[in-house]
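Here is the structure we will look at, set down as structure tokens.
Labels below follow one simple rule: chain letters A, B, ... track the order of the sequence lines, proteins then strands, and each chain is numbered from 1.
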Amino acid sequence: MDKVYKHQEVEKKWYSFWEKKGYFTPKINPSKKPFTIILPPPNANADLHLGHAMYVIEDIMIRYHRMLGSSTLWLPGTDHAGFETQYVFEKHLTKEGKSRFDYNREELYKMIWDFVQNNRGNMENQLRRLGFSLDWTKQVFTLDEKVIKIVYKTFKKLHNDGLLYRSKRLVNYCTKCGTGFSDLEVKYVERIDPLYYLKYGPFILATTRPETKFGDTAVAVHPSDKRYKKYVGKEFEVKGLLGDFKLSVIADEAVDPKFGTGVVKVTPAHDVTDFEMGLRHKLPMKQVIGYNGRLTDLTGPYHGMKVMAARIKVAEDLKAKGLIDHINEKYTHNVGTCYKCGNVIEPLPLPQWYVRVKPLTDPAIKAIREKSIVFTPKRFEKTAIQWLSNFHDWNISRQIVWGIRIPAWQCIDCGIESDWIVTEGNTPSSCPKCKGKNLIQDPDTFDTWFSSGQWPFATLQVNSMKNYEYFYPTSVMETGYDILPWWVCRMIMLGLYVTNKVPFRRVVLHGLVRDSKGQKMSKSKGNVINPLIMADTYSADALRMALIFGSALGNDLPMSEDKIRAMRNFTNKLWNMARFIKMNSEFIGKNNAESITFSQSSSRSKLHPDNKNILDKTDELIKSVTSDFEKYNFSRAADLLYEFIWHELADKYIESSKERLHNNDKETLSVLIYVFIQSLTLLHPFMPFITEEIKTQIDPENKMPLIITLWPEA
RNA sequence: GGACUCGUAGCUCAGUUGGUAGAGCGUUGCGUUUACAUCGCAAAUGUCAGAGGUUCGAGCCCUCUCGAGUCCACCA
């Protein structure tokens with residue numbers, strides 16, 4: 001054996017050996033239990049970061065179940081990540097002094113496609129580099145034709161079942177990114193802004209947004225507010241910047257009589273609460289802010305001004321006209337911003353496709369309550385139910401090109417109010433009403449999560465219905481808790497809806513990887529740890545172990561190079577234990593290890609007490625580690641193995657056995673080899689490379705690689 | 001306003017169904033005599049945030065208080 005463990009060579013060698021031998025590709029065997037995990041697909045355009053390295057938890061489960069003898073599938077894929085990817089791509093365009101508006105739809109799509117393809121191979125090799133035993137023969141991309149077909153089918157089914165509707169409601173619109181979002185993509189941040197108290201006819205009312213004044217179509221009070229009862233239903237004259245106008249007073253429960261003066265201006269086109277009030281009271285909508293973030297031509301002299309500039313100008317002008325009673329300069333409130341670019345989200349009226357979620361969330365909640373889906377750690381069950389109970393109808397339209405285009409058409413001849421024609425992807429030949437041929441497709445694409453919400457069954461179905469029937473429902477969905485609502489909940493909803501089965505039986509959630517001080521890693525802070533550099537420097541095994549060791553599942557975990565180095569030292573320890581054993585084997589000569597069955601505790605009484613002791617402790621170890629695996633306590637299993645191998649086996653047993661080995665004690669050598677190999681077997685899911693290498697070094701006659709060795713029993 | 005997490009060694013964190021407190025880094029010694037300088041061995045260090053309760057026994061279970069943080073919610 002080399003004096004030094006050369007992890008780079010060894011890791012490369014073993015990965016290609018495993019892959020070539022087909023160990024990652026399970027056989028469909030009805031007499032065996034399947035164990036399935038679908039890899040949460042990384043964005044196809046990006047490099048691996050440390051968060052992705054947390055896939056190691058999945059690899060640990062996969063390797064464990066493979067060793068238990070299950071037909072074990074870990075299915076890889078990549079995500080086109082619609083908006084995320086287009087956003088990154090547009091940043092590249094900006095650097096070149098271009099924008100998306102310099103290209104037509106097809107050109108832009110093609111450019112992003114090429115951009116993504118250029119990066120795809122990287123990601124796959126990076127996953128290989130970390131030892132992930134993924135079945136590459138089944139790889140799927142969210143934009144594969146077969147996947148798109150399935151997504152279209154689901155869309156059509158929702159349409160047929162009346163769970164889909166198109167509505168011109170207020171959309172969370174980012175005027176900078178040029179697209180609408182679902183509620184989840186809005187990030188609320190606390191801001192301090194002026195709260196203006198405006199004079200409105202006989203009232204004084206408070207608003208943070210005087211620039212939307214031009215869109216007011218009523219004034220509202222609470223129905224039981226005695227102060228204003230006499231005004232309800234009446235119309236009154238208001239002095240405004242564009243001249244006087246009339247507003248009626250409505251009474252609505254949505255008004256909080258304790259806030260401000262208890263009177264609010266109602267702007268149905270620019271505020272969600274107001275929009276709903278508008279619906280209840282049949283108020284007209286006046287859109288005074290455009291999709292470009294500037295005031296519309298309904299605002300006279302303010303037309304073309306950006307929202308913030310207009311707000312300041314309007315406030316000044318109102319003040320000049322004596323229409324401001326007073327201003328609270330330091331009003332604290334929450335403002336919705338774009339989760340991506342940070343721009344303030346404008347609620348704007350825009351026709352979009354909505355999924356009626358209640359019929360989807362109810363069965364999802366039921367499945368969780370009935371434990372058809374179990375959460376680890378338990379506490380996330382509550383979070384998931386809370387989420388599912390609070391979902392509003394889901395806007396799945398996005399005004400971007402990078403994604404799956406919505407298969408819905410309208411007939412130009414019948415006009416814009418005509419019915420939508422929804423298909424399973426094929427372009428309709430003519431309008432079913434007027435037989436006209438002038439059909440136009442909705443330019444929008446699906447929210448990425450609409451397609452990735454179908455991932456568990458879609459990935460298996462595109463591989464063949466046989467695979468789907470055998471491996472679905474999948475066993476575990478393991479991912480970061482941060483995408484529980486976005487992804488996990490949607491998968492449960494859509495999985496149950498489309499397949500009538502849960503998409504997975506268990507959800508395992510891990511925390512976010514932080515730096516050594518518990519801070520979020522980011523390029524701007526300069527505290528980013530690159531997993532591939534760590535793997536090259538200290539070995540993939542050390543990195544894997546460092547991510548698991550001493551961290552509790554579901555909690556954020558701190559990571560530092562120190563910790564990875566510590567685990568590298570553990571590989572060094574393992575390597576030298578192996579060298580010690582090998583040296584003694586050669587010195588003592590071929591031993592009769594095979595003839596002694598140490599796994600039976602009854603035959604141990606005749607052994608040297610130290611030998612009996614370490615064998616008994618090995619049994620305990622096997623039991624504890626196995627039990628921890630069953631309880632998803634991977635960190636504890638890792639702790640136990642580390643502790644046993646280093647401080648029990650190396651420090652105590654090996655040290656005290658040196659004298660006996662010196663006297664050619666074959667029994668001791670056999671026990672040592674046996675215990676070490678058992679330890680390596682248990683350690684293999686965590687540190688697959690070094691365990692595989694050492695095992696072949698010290699036990700060359702046994703050609704069975706650890707990856708398919710049967711899990712030890714005590 | 002609601003939900004959740006956390007508070008344990010100098011730092012960052014583990015701690016199973018309650019049974020004498022652990023790891024890594026750091027610190028301090030020692031060590032190249034049959035594995036281990038890519039280090040190894042050994043040692044020191046704790047009012048387990050605070051108060052009360054349950055218990056033979058509490059870091060762990062219950063209640064409250066204080067402190068840190070995360071997520072959610074259409075407060076103009």
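Nucleotide rU33(B) forms a pair with no other nucleotide shown, judged by Watson-Crick or G-U wobble geometry with both contacts under 3.5 Å. rG57(B): no Watson-Crick or G-U partner with both key distances under 3.5 Å is found in any strand. Of all nucleotides present, only rU28(B) satisfies the Watson-Crick or G-U wobble test against rA42(B), with each distance under 3.5 Å. The pairing partner recorded for rA21(B) is none, the criterion being a Watson-Crick or G-U wobble arrangement whose two distances lie under 3.5 angstrom. Pairing partner, rG7(B): rC66(B), with both Watson-Crick or wobble hydrogen-bond distances short of 3.5 Å.
Rounded to the nearest Å, the gap between the P atom of rA3(B) and that of rA9(B) is 30 Å. Taking atom P in both rA44(B) and rG29(B), one finds a spacing of 15 Å when rounded to whole Å. Spacing of C1' atoms, rA23(B) relative to rA14(B), comes out at 7 Å, to the nearest Å. When the P atom is used for both rC4(B) and rU45(B), the distance is 40 Å, rounded to whole Å. For the C1' atom pair drawn from rU65(B) and rC71(B), the interatomic distance equals 24 Å after rounding to whole Å. rC62(B) and rA68(B): their C1' atoms are spaced 23 Å apart (whole Å). To the nearest whole angstrom, the two P atoms, one in rA49(B) and one in rU12(B), are 15 Å apart. Comparing the P positions of rG26(B) and rC66(B) gives an interatomic distance of 39 Å, to the nearest angstrom.
Counting any heavy atom pair closer than 4.0 Å across all strands shown, Y538(A) reaches no nucleic acid atom. Here Y331(A) lies in heavy-atom contact (under 4.0 Å) with sugar-phosphate atoms only. Within the 4.0 angstrom heavy-atom criterion, base atoms lie near R568(A). Using a 4.0 Å heavy-atom distance criterion, Y188(A) is classed as a sugar-phosphate-only contact. In this structure, Y481(A) reaches neither bases nor backbone, as no heavy-atom distance under 4.0 Å exists between it and the strands shown. W575(A) comes within 4.0 angstrom of no nucleic acid atom, judged by non-hydrogen atoms across all strands. At a threshold of 4.0 angstrom between heavy atoms, the contacts of E655(A) include nucleobase atoms, whether or not backbone atoms are also involved.
In this model, the phosphate group of rC41(B) is approached by a side-chain N or O of K573(A) to a distance below 4.0 Å at OP1 or OP2. An OP1 or OP2 oxygen of rC41(B) is reached within less than 4.0 angstrom by a side-chain nitrogen or oxygen of W646(A). Proximity of H392(A) to the phosphate of rC74(B): a side-chain N or O atom is located under 4.0 Å from OP1 or OP2. In terms of phosphate contacts, Y642(A) brings no side-chain nitrogen or oxygen within less than 4.0 Å of OP1 or OP2 of rA14(B).
For R129(A) and E11(A), the salt-bridge test passes: some basic side-chain N is under 4.0 Å from an acidic carboxylate O. Salt bridge annotation for D619(A)-K623(A): absent, with no cationic side-chain nitrogen under 4.0 angstrom from a carboxylate oxygen. The existence of a salt bridge linking E9(A) and K12(A) is excluded, since no basic side-chain nitrogen approaches an acidic carboxylate oxygen closer than 4.0 Å.
Ranked by how close their nearest RNA chain B nucleotide is to the 5' end, K3(A) and F570(A) are led by K3(A). Map G550(A) and V255(A) each onto its nearest nucleotide of RNA chain B; the residue landing nearer the 5' end is G550(A).
Residue pairs meeting the salt bridge (charged side-chain N to carboxylate O under 4.0 Å, His left out) criterion with at least one partner in residues 272-289 of chain A, sequence neighbours excluded, are D252(A)-R280(A).
For K382(A), taking side-chain heavy atoms from C-beta onward, the closest of the listed nucleotides rA3(B), rA14(B), rC36(B) is rA3(B). Side-chain proximity of D639(A) to rA14(B), rA23(B), rA35(B): nearest is rA14(B). The side chain of D651(A) approaches rA42(B) more closely than any other nucleotide in the set rA23(B), rA76(B), rA42(B). Considering only the side chain of D256(A), rA76(B) comes nearest among rA76(B), rU12(B), rC4(B). Comparing rA35(B), rC39(B), rA3(B) by their closest approach to the side chain of Q386(A) singles out rA3(B).
The backbone N or O of N572(A) sits less than 3.5 Å from a side-chain atom of N576(A), completing a donor-acceptor pair. Of the possible donor and acceptor atoms, none in the side chain of T299(A) sits under 3.5 Å from a partner among the backbone N and O of L295(A). Under the 3.5 Å distance criterion, the side-chain polar atoms of T668(A) are left unmatched by any main-chain donor or acceptor of R660(A).
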Are F686(A) and F634(A) close enough, and set up right, to give a ring-ring contact (aromatic ring centres under 6.0 Å, His included), and what steps lead you there? CA-CA 9 Å; F686(A) 299 95; F634(A) 306 115; 7.3 Å; no
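L512(A) has its CG atom 13 Å from the P atom of rC13(B), to the nearest Å. Taking atom CZ of residue F380(A) and atom P of nucleotide rC72(B), one finds them 13 Å apart after rounding to whole Å. Going from atom CG of D515(A) over to atom P of rU12(B) covers 11 Å, rounded to whole Å.
In the model, D556(A) has a side-chain atom that pairs as donor or acceptor with a side-chain atom of Y481(A) under 3.5 Å. Between H510(A) and E478(A), the side chains place a donor N or O and an acceptor N or O closer than 3.5 Å (distance only, hydrogens not considered).
Aromatic rings from F203(A) and F236(A) are positioned such that their centres are separated by under 6.0 Å.
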Return the polar atom pairs (N/O with N/O) between nucleotides 25-31 of chain B and the protein under 3.5 Å, or none.
residue	atom	partner	partner atom	Å
rC25(B)	O2'	D562(A)	OD2	3.0

Pick out the pairs of N or O atoms, protein on one side and nucleotides 15-22 of chain B on the other, that lie under 3.5 Å.
residue	atom	partner	partner atom	Å
rU16(B)	O2	R636(A)	NE	2.8
rU16(B)	O2	R636(A)	NH2	3.0
rU16(B)	N3	R636(A)	NE	3.1
rU16(B)	N3	R636(A)	NH1	2.6
rU16(B)	N3	R636(A)	NH2	2.1
rU16(B)	O4	R636(A)	NH1	2.9
rU16(B)	O4	R636(A)	NH2	3.2

